[in-house]
Protein chains: 2
Amino acid sequence: MVTKQFKGLPEDADLRRADSLAREIFSDVANKWAFLIIEALGERTLRFSELRNEVEGISHKMLTQNLRMLERYGLIDRHVHPTVPPRVEYTLTEPGRALRATVDGMCGWTHQYLGHIEAARRRFDD
Amino acid sequence: MVTKQFKGLPEDADLRRADSLAREIFSDVANKWAFLIIEALGERTLRFSELRNEVEGISHKMLTQNLRMLERYGLIDRHVHPTVPPRVEYTLTEPGRALRATVDGMCGWTHQYLGHIEAARRRFDD
DNA sequence: CAGAATCCATTTTGATACTG
DNA sequence: CAGTATCAAAATGGATTCTG
């Protein structure tokens, strides 16, 4: 067994690090733009400008920023065609597609409970 | 058939409204604090102060704000005990529990792909 | 204890201009 | 076309104070 344990250093230091990493990923990815981008990509490959159109309301800057983040975590592949003008295509990776199941679930949930939610909101707002 | 259609007003005005509402809900709920609160509640009922401890790193203000939002959409129930000092308990409603499946899915995903993601990030950061 | 309200620093965001 | 940089405006978040 390979151990990273040193005297006095409990080996669940690894677990704590993993937890804080998990939390970091969770916090970064659980935001509306990331979700909407993942949803938009679905099974397709899309260019930057296509994504800009698909994800309604996203600004140039937010799109770039979130694409970088998703690429950094390996949720999307970025493929640059060496042409002029440049053509850059984005595709979900395996982890990205796996997360899509979650995002799809939330989309379904939203539509399923739309009535409930709208009613609740009206009640709350008096 | 009951229709809301008037002359000149296409009946998919309803659909558009529903879509924009769905989008609003989606955007509000797809944020890390809401997710973490839902995850913390799980099957349990928790008090404000308990939630504050469970959801690591959340501030008093963020907790109140997100609890209001979730209550407004009917994802949680807020029960005030008429005691002094006050005791306020929060519980997931049916729609809230349904959404928990999504949140759980994301938690599972995070842990499942932790290795993938960490490696991808290291690669990206050169 | 729960939470509303205020103030203030920080962050986020959008618009715009610039580059390969 | 895709992306970076910049700057002002807007939103967010935290600390603190005050209330029932």
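In this text, all values refer to a predicted model and were calculated from it rather than measured experimentally. Numbered from 1 within each chain, the chains take letters A, B, ... in sequence-line order.
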Has B/R78 got a side-chain N or O lying under 4.0 Å from the OP1 or OP2 atom of C/dA2? no
Roughly how many Å is it from CD1 in A/I76 to P in D/dA2, rounded to a whole number? 14 Å
Any heavy-atom pair between the side chains of B/L46 and B/L41 that's under 4.5 Å? yes
In whole angstroms, how far is the C1' atom of C/dT12 from the CZ atom of A/R68? 18 Å
Residue pair A/Y90 / A/D77, side-chain donor-acceptor N/O under 3.5 Å: no
Report the residue (A/G57 or B/E50) whose heavy-atom-nearest nucleotide on DNA chain C is the more 5′ of the two. B/E50
Is A/R52 close enough to D/dA2 that one of its side-chain N or O atoms is under 4.0 Å from OP1 or OP2 there? no
With clusters defined by side-chain heavy atoms of hydrophobic residues (ILVMFWY) lying less than 4.5 Å apart, directly or transitively, does A/F124 cluster with B/V80? no
Whole angstrom is fine here: how far is it from CG in A/L63 over to P in C/dT12? 17 Å
Between B/T64 and C/dA4, is there a contact of a side-chain N or O with OP1 or OP2 at under 4.0 Å? no
Over how many whole Å does the gap from B/Q65 atom CD to C/dA5 atom C1' extend? 12 Å
Establish whether the base of D/dG14 is bridged to the side chain of B/H60 by a donor-acceptor pair shorter than 3.5 Å. no
Using a cut-off of strictly less than 4.0 Å, decide whether B/R47 has a side-chain nitrogen or oxygen near OP1 or OP2 of C/dC1. no
If you assign each of A/L67 and B/K61 to its closest nucleotide in DNA chain D, which residue comes earlier from the 5' end? A/L67
Can you tell me how far C1' of D/dG3 sits from CG of A/N66, to the nearest Å? 15 Å
Could you give the CG-to-C1' distance, from A/D28 to C/dT12, as a whole number of Å? 14 Å
Nucleotide D/dA15, atom P - distance to CD1 of B/I58 in whole Å: 13 Å
Would you call B/W109 and A/I25 a side-chain contact if the rule is heavy atoms closer than 4.5 Å? yes
State, without any angle test, whether A/T102 and B/T102 hold a side-chain donor-acceptor pair at a distance under 3.5 Å. no
From C-beta outward on A/V88, which listed nucleotide comes closest to its side chain: D/dG3, C/dC1, D/dC1? D/dG3
Separation of A/E56 atom CD from C/dG14 atom P, in whole Å? 13 Å
